[in-house]
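What you see below is based on every heavy atom in this structure, not just the backbone, and it leaves out hydrogens, waters and symmetry mates.
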Amino acid sequence: MAAGARILDPRLLPKIQENIVDSGSLVRQIIRGSKSTELLSHAAKNFVSTENTIETSDNNIKKMGILTSHLQFQAEAIERSVAEMETLQDQLTTLQR
């Protein structure tokens with residue numbers, strides 16, 4: 001035997017193989033973990049986008065409520081004007097007789 005050559009203990013081969021398998025499992029787990037982080041990041045971005053949409057929708061609903069109130073006041077004013085016009089029409093016909 002040469003001085004640099006060593007005889008491997010037969011018990012080391014299964015341990016080396018086990019370490020290689022464990023390393024492969026570790027790499028797969030790291031890859032899954034990075035995908036999980038990517039999925040979580042994507043979900044967070046979607047959540048923020050949805051949150052902004054909900055906030056905008058809420059503001060629009062509030063504005064629509066204000067517009068509805070204004071339209072209701074205007075409709076009431078028109079109704080009063082129509083009632084006054086009927087009264088004025090009656091007075092005008094009375095004066096024309």
Side-chain angles (χ1 to χ4, degrees):
M1 266 198 230
R6 296 192 179 164
I7 300 174
L8 290 176
D9 187 351
R11 293 175 291 174
L12 287 179
L13 291 177
K15 289 185 179 185
I16 292 171
Q17 186 176 1
E18 185 179 327
N19 284 338
I20 290 171
V21 170
D22 288 346
S23 297
S25 295
L26 178 62
V27 168
R28 281 191 298 278
Q29 189 63 34
I30 289 171
I31 290 171
R32 280 190 206 129
S34 69
K35 287 181 182 176
S36 295
T37 303
E38 184 178 317
L39 290 174
L40 285 174
S41 174
H42 186 67
K45 287 177 185 177
N46 285 342
F47 180 76
V48 168
S49 173
T50 303
E51 187 177 21
N52 288 337
T53 302
I54 290 171
E55 186 175 335
T56 301
S57 297
D58 183 50
N59 288 336
N60 287 339
I61 289 171
K62 288 176 183 176
K63 289 176 185 178
M64 288 171 58
I66 292 169
L67 287 173
T68 302
S69 296
H70 287 278
L71 287 172
Q72 188 174 9
F73 289 134
Q74 290 175 358
E76 290 169 0
I78 290 170
E79 287 175 1
R80 285 192 303 272
S81 295
V82 168
E84 287 178 21
M85 285 179 61
E86 290 173 0
T87 304
L88 289 173
Q89 187 73 25
D90 290 342
Q91 290 175 357
L92 183 61
T93 53
T94 304
L95 286 174
Q96 288 177 347
R97 290 184 193 168

Asker: If only atom types and distance count, is the side chain of Thr50 paired as donor or acceptor with the main-chain N or O of Asn46 below 3.5 Å?
Answerer: yes
Asker: Hey, could you give me the OG/CG distance between Ser57 and Asn52, rounded to the nearest 0.5 Å?
Answerer: 10.5 Å
Asker: If the condition is side-chain hydrogen bond (donor to acceptor under 3.5 Å, both in side chains), which residues does Thr94 pass it with, not counting sequence neighbours?
Answerer: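 None.
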Asker: To the nearest 0.5 Å, how far apart are CZ in Arg28 and CG in Leu26?
Answerer: 10.0 Å
Asker: For residues 76-85, which residue pairs qualify under side-chain hydrogen bond (donor to acceptor under 3.5 Å, both in side chains), counting only residues two or more places apart or in two chains?
Answerer: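 Residue pairs with at least one partner in residues 76-85: there are none.
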Asker: OG of Ser69 to CD of Gln74: how many Å apart, nearest 0.5 Å?
Answerer: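 CD of Gln74 is found 11.0 Å from OG of Ser69.
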Asker: For Val82, check side chain to side chain contact (heavy atoms under 4.5 Å, CB included) against everything at least two apart and list the hits.
Answerer: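 Side chain to side chain contact (heavy atoms under 4.5 Å, CB included) list for Val82, sorted by chain: Ile78, Glu86.
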Asker: Atom CG of Leu92 and atom CE of Met85: how far apart are they, to the nearest 0.5 Å?
Answerer: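 Interatomic distance, Leu92 CG to Met85 CE, rounded to 0.5 Å: 11.0 Å.
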Asker: Using the test side chain to side chain contact (heavy atoms under 4.5 Å, CB included), find all partners of Gln91 that sit at least two apart in sequence or belong to another chain.
Answerer: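 In terms of side chain to side chain contact (heavy atoms under 4.5 Å, CB included), with neighbours along the sequence ignored, Gln91 is linked to Thr87, Leu88.
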Asker: Determine which pairs satisfy salt bridge (charged side-chain N to carboxylate O under 4.0 Å, His left out) with at least one residue from residues 46-60, sequence neighbours left out, and list them in order.
Answerer: Asp58-Lys62
Asker: Checking one residue: Ile66. Which other hydrophobic residues are in its cluster under the side-chain 4.5 Å linking rule?
Answerer: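 Besides Ile66, the hydrophobic cluster comprises nothing; the residue is isolated.
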Asker: Would you give the length of the straight line joining atom CD of Gln29 to atom CG of Asp22, rounded to the nearest 0.5 angstrom?
Answerer: 12.5 Å
